[in-house]
Amino acid sequence: MISRLRSCSALITIDVKHNLGISMAATTTATATTPPADQRNVEIKARIPGGAEDFARRLDIAKQLTGSPTGELIVQRDVFFNSPLGGRLKLRYLQPPARSELLYYNRPDVAGPKLSSFNKLEIDEPAVLEKILIQTNGIQGELAKTRHLFMHEQTRIHLDEVRDLGYFMEFEVCLRAEQTLEEGQAVAEQLAETFGIQKADLMSGSYFDALSSEK
């Protein structure tokens, strides 16, 4: 009976398409979409070498600069996967009601302000996606952190405590479509000066790179 129903369904579908003059080529053309442009930001990532005391001092600067008494506290767990064509691919677990995220990004491993191009997608079933990506791409490892997020004009200010690694801060200058890399770099460099970031503390790679190198 099931086989017969499936056959009837197929015949009905074909007959409807024939009568309406719909072709597969036309259907494909109608549903084609243009991929969105990459999002861009200019990033600075730096170590906070003075431990918890220096971390608290940078938190105070962020509160004064943004007028936010607390910022937003975000607990994250990032799982990194192989990315055969380059760049970095990670699944970010966030605590509900926030939705987890899949992120692909590409940026040079240089110290100081650098351009990052990225795309991200909100995920409702991160554990299922993690299983699929482990099976298809292979896993590199994971990293857990607690992030204090502050917004200053067009910049996300992150003060991060990374498990088994230490204290860090990061600026993400979210570029508008018409803005150049140089404009973003100028914003990031001004913030680095405001927070007293030293050149020796600038990071070229990611937290995950630093954690992997210590193991």
Side-chain angles (χ1 to χ4, degrees), residues 38-56 58-59 73-95 98-123 125-149 155-174 184-185 188 191-192 195 197-215:
D38 291 345
Q39 298 182 64
R40 302 178 305 144
N41 59 36
V42 172
E43 297 183 11
I44 283 183
K45 193 186 300 284
R47 299 175 183 83
I48 298 179
E53 182 177 345
D54 201 12
F55 185 76
R58 305 293 175 90
L59 272 175
L73 185 64
I74 307 172
V75 178
Q76 303 177 345
R77 181 169 69 89
D78 293 343
V79 184
F80 290 80
F81 305 93
N82 296 320
S83 181
L85 299 182
R88 293 180 170 92
L89 179 66
K90 68 182 177 183
L91 176 62
R92 170 162 292 166
Y93 282 87
L94 297 171
Q95 293 183 327
R99 299 170 71 191
S100 297
E101 299 171 335
L102 179 68
L103 299 101
Y104 171 81
Y105 58 103
N106 204 339
R107 66 171 181 241
D109 288 333
V110 296
K114 45 189 170 286
L115 179 66
S116 175
S117 300
F118 66 97
N119 291 281
K120 65 179 179 180
L121 180 69
E122 292 187 324
I123 301 297
E125 298 185 74
V128 176
L129 182 58
E130 179 182 354
K131 180 180 178 181
I132 292 171
L133 289 171
I134 289 173
Q135 293 171 333
T136 57
N137 290 47
I139 189 171
Q140 293 183 341
E142 64 179 69
L143 176 144
K145 64 177 176 285
T146 301
R147 166 165 288 175
H148 299 262
L149 167 64
T155 304
R156 294 170 57 94
I157 299 172
H158 302 157
L159 285 121
D160 297 330
E161 183 177 356
V162 183
R163 184 186 299 169
D164 299 325
L165 198 59
Y167 298 96
F168 302 84
M169 71 178 311
E170 179 179 68
F171 305 130
E172 292 182 350
V173 184
C174 305
Q185 287 175 328
L191 282 171
F195 280 85
I197 292 177
Q198 303 299 311
K199 187 174 181 179
D201 297 326
L202 294 174
M203 298 178 65
S204 57
S206 67
Y207 296 150
F208 183 72
D209 294 336
L211 185 62
S212 300
S213 68
E214 292 193 0
K215 290 183 178 180

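Hydrogens, waters and symmetry mates play no part in the numbers below; they use all other heavy atoms, side chains included.
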For Arg163, the salt bridge (Lys or Arg N to Asp or Glu O under 4.0 Å) test, sequence neighbours excluded, returns none
Residues passing the side-chain contact (heavy atoms from CB on, under 4.5 Å) test with Pro84, sequence neighbours excluded, are Asn137
Do Tyr207 and Phe168 make the cut of ring centroids closer than 6.0 angstrom? yes
Hits for salt bridge (Lys or Arg N to Asp or Glu O under 4.0 Å) against Glu161, two or more places apart or cross-chain, chain-then-number order -> none
Taken in chain and number order and not counting sequence neighbours, the residues that satisfy side-chain contact (heavy atoms from CB on, under 4.5 Å) with Leu85 are none
Applying side-chain contact (heavy atoms from CB on, under 4.5 Å) to Ile132 and not counting sequence neighbours gives Val128, Thr136
Check: residues 46-56 side-chain donor-acceptor pairs under 3.5 Å, at least two apart:
residue : atom : partner : partner atom : Å
Asp54   : OD1  : Arg57   : NE           : 3.1
Asp54   : OD1  : Arg57   : NH2          : 2.9

Contacts of Phe81 meeting ring-ring contact (aromatic ring centres under 6.0 Å, His included) (sequence neighbours excluded), chain-then-number -> none
Contacts of His158 meeting side chain to side chain donor-acceptor pair (under 3.5 Å) (sequence neighbours excluded), chain-then-number -> Arg147, Arg156, Glu170
- Query: Phe80 vs Phe208 aromatic rings, parallel, tilted or perpendicular, using cut-offs 30° and 60°?
  - Reply: parallel
By salt bridge (Lys or Arg N to Asp or Glu O under 4.0 Å), Asp164 pairs with (sequence neighbours left out) none
Salt bridge present between Asp201 and Lys45 (N-O < 4.0 angstrom)
no
Hits for side-chain contact (heavy atoms from CB on, under 4.5 Å) against Lys120, two or more places apart or cross-chain, chain-then-number order -> Gln39, Glu101, Leu103
Lys145 meets the salt bridge (Lys or Arg N to Asp or Glu O under 4.0 Å) criterion, sequence neighbours left out, with Asp78
Contacts of Glu43 meeting side chain to side chain donor-acceptor pair (under 3.5 Å) (sequence neighbours excluded), chain-then-number -> Arg107, Ser116
